[in-house]
Amino acid sequence: MGPQAVQERLHYMDHLRALAMLAGVFFHAALAYSPLMQGFFPTADRQNSAGVDAVIWGLHLVRMPLFFLVAGFFAAWVIAARGGPALARQRVRRILVPFLVAWPLVLWSLSASTGWALENVQHPSAFLAMVREWLQQPDPPRLPPGTGHLWFLYYLLLFGVLHWVVRALALGRIGAWLVARHPAWLLLGLPVLLWPALASVSAPHPAPEGLVPQFWAIAYYGAFFALGTLVHARADWPERARPFAPWLALASLALYAVFLWRLSVELPGQAQPVASWGMALLEACLSVWLAVLCLLAGRRLLDRASGVMRYLAQSAYWTYLLHLPLLFAVQYVLMDKDWSWGLKFAVAVSATLAACLLSYQLLVRHTPLRGFVG
Amino acid sequence: MTLNIPVIKLLVAKDWQLFQKQLAVCVLAGIVSLCFLGLAKPWAFYVGSLMLIIVMVSSACFSIATSLVVERKEQTLAFVMSLPVSPLDFTVAKLVGNLVTFLVPFGVMLGGTLAVVLFTPLPDGLFVYALLIFGYLLFAFSVSLAIAMAVETEGWATFGMIAPMVLINPYMMALTQVPDIKDRIGVDAIVWTTPAVLILSALVTMAVGLVAATAWRHARKPAFY
């Protein structure tokens, strides 16, 4: 694969990464208006709609798998182009340093806005009401510290280490053998590999926000990271998988309908601490097939230079780092408004994205910060 | 006397390259053991902690075996002696190489273990106990390193690696015989008792002292052997 071919492929990969990260803003904003999340999400609003659940869980099953697939692709690309030490330096500059700086700031700002909401919101979510009750106790329990929405940086670092382990032990041959086979091997085999991992957690699968690495998250997201490295190694794989796209789309639609039906039956919570095996298989199939469909769609539709997409791609990392504290602050203020959920969602997303993009333009785009989070 | 820093760096890099595969296995096993510990279930804790000790002992032995014992066995030293290095350069390279290849996984595993203890339902009292075990592993590594650098036969070097590592078992049993340590392990708070502080201080001091004494002794040698 020549340099020109690499350049052509990087357009759509870059744009897919930007879209996967920006989808996170919409996903987190929509969680407040999801009936399913009423008992769990801090900014859960009185106004909600079953239509939200019908859309966001599909997004949930594909956006981070797609992100890790693209991350794996770029990791392999950096190694091929500049070597392992260059990748290690890049991981430190663009992942470890931003993580260590952003982590305490994000936790502090989330804690501050939640503290404000606990004192001022008249229509609190079930989560806020529970925390209020906790705080009434003489010795209130403390939540274990987590990584918040920055968990993806923590796992990217972990996958960077595991990627080195795989290279050092020459284990990549297994993947190379697999990706050289008929695409059906991966399209059917990968969901089977992910199945036990997803059966060990609740459905829809949670975010692995704890500080201790989780088996299921390493297996689940690591598989997509590995798929990304394999797609880089075998540039013809997407082309070979393309004839399956219509079948994957049809199967995904059908399985998603079943998934939504099962979700209404197997409500997450105390009664369902882990997903049923059937539900886990649905999640595994949907994650793999939707991620591959996004890859194929991106290759077909996004593989060209675009000023807007380039700007979004450059600002996506900063936007993602910053969005959750801003979003929570806006949504806490909106909780007492008697607006429809759609208007609240639009205001929350618009205000968050506007603040993120404006701060990117002012603080990052033309400053040394661009080398870290630009 | 000046050190030939570029050659020392190359020798350290050589040891690192040779040790890479074993290190990769240790890192992988370390991550798996931390995941087990993070499950916060009795069986998983047992499996995870046992794996963690095996990983740390293995990485200490691999590091010394790769850079000292195998080098002598395969007579790589004869090649190294043909390079523009003094015995001091060689000693510094061996010490730095061993310390780097051991302390990198050691630091990662120690940080990970303490994080697991603090951020999971495991009792925080394990924090001090874990530090005492890691302190012993550091001490055992420095004993093994000092012996491997001092002796010239493979048998004694192997004995020097195995003996201190095997003694971790009676050491752990001995710790549980100290009421001030044993009674705090299951408590959900970090309690620094006098015996714990004394044992940990002694282990770290002896480890640093042994490495320093080894460096001082070898730095004075006029020849490689």
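Labels below follow one simple rule: chain letters A, B, ... track the order of the sequence lines, proteins then strands, and each chain is numbered from 1.
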Restricting to non-hydrogen atoms, name the atom on [X] and the atom on [Y] that form the minimum distance, rounded to 0.1 Å.
| X | Y | result |
| --- | --- | --- |
| A/Leu162 | B/Leu28 | CD2-CD1, 3.7 Å |
| A/Phe215 | B/Val32 | CZ-O, 3.6 Å |
| A/Ala168 | B/Lys21 | O-CE, 3.3 Å |

(request) Would you check if B/Leu118 and A/Leu211 make a side-chain contact, meaning some heavy-atom pair closer than 4.5 Å? (result)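 Result no, sub-4.5 Å side-chain heavy-atom pair not found.
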(request) Heavy-atom pairs under 4.5 Å with chain B are the metric here; pick the option from A/Ala170, A/Pro213, A/Gly210 that has the most. (result)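 Greatest number of close heavy-atom pairs with chain B: A/Pro213.
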(request) Measure A/Val161 against the heavy atoms of chain B and call it side chain, backbone, both or neither at under 4.5 Å. (result)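 For A/Val161, the side chain is the part near chain B, not the backbone.
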Answer yes or no: are there more than 12 heavy-atom neighbours, outside [X] itself, under 6.0 Å from its atom [atom1]?
| X | atom1 | answer |
| --- | --- | --- |
| A/Gln137 | CD | yes |
| A/Trp108 | CH2 | no |
| A/Trp185 | CH2 | no |
| B/Phe159 | CZ | no |

(message) Assess the residue pair A/Ile218 and B/Ile31 against the criterion (side chain to side chain contact (heavy atoms under 4.5 Å, CB included)); give the C-alpha distance rounded to whole Å, side-chain angles, the decisive distance to 0.1 Å, and a yes or no.
(response) CA-CA 10 Å; A/Ile218 291 175; B/Ile31 291 173; 4.1 Å; yes
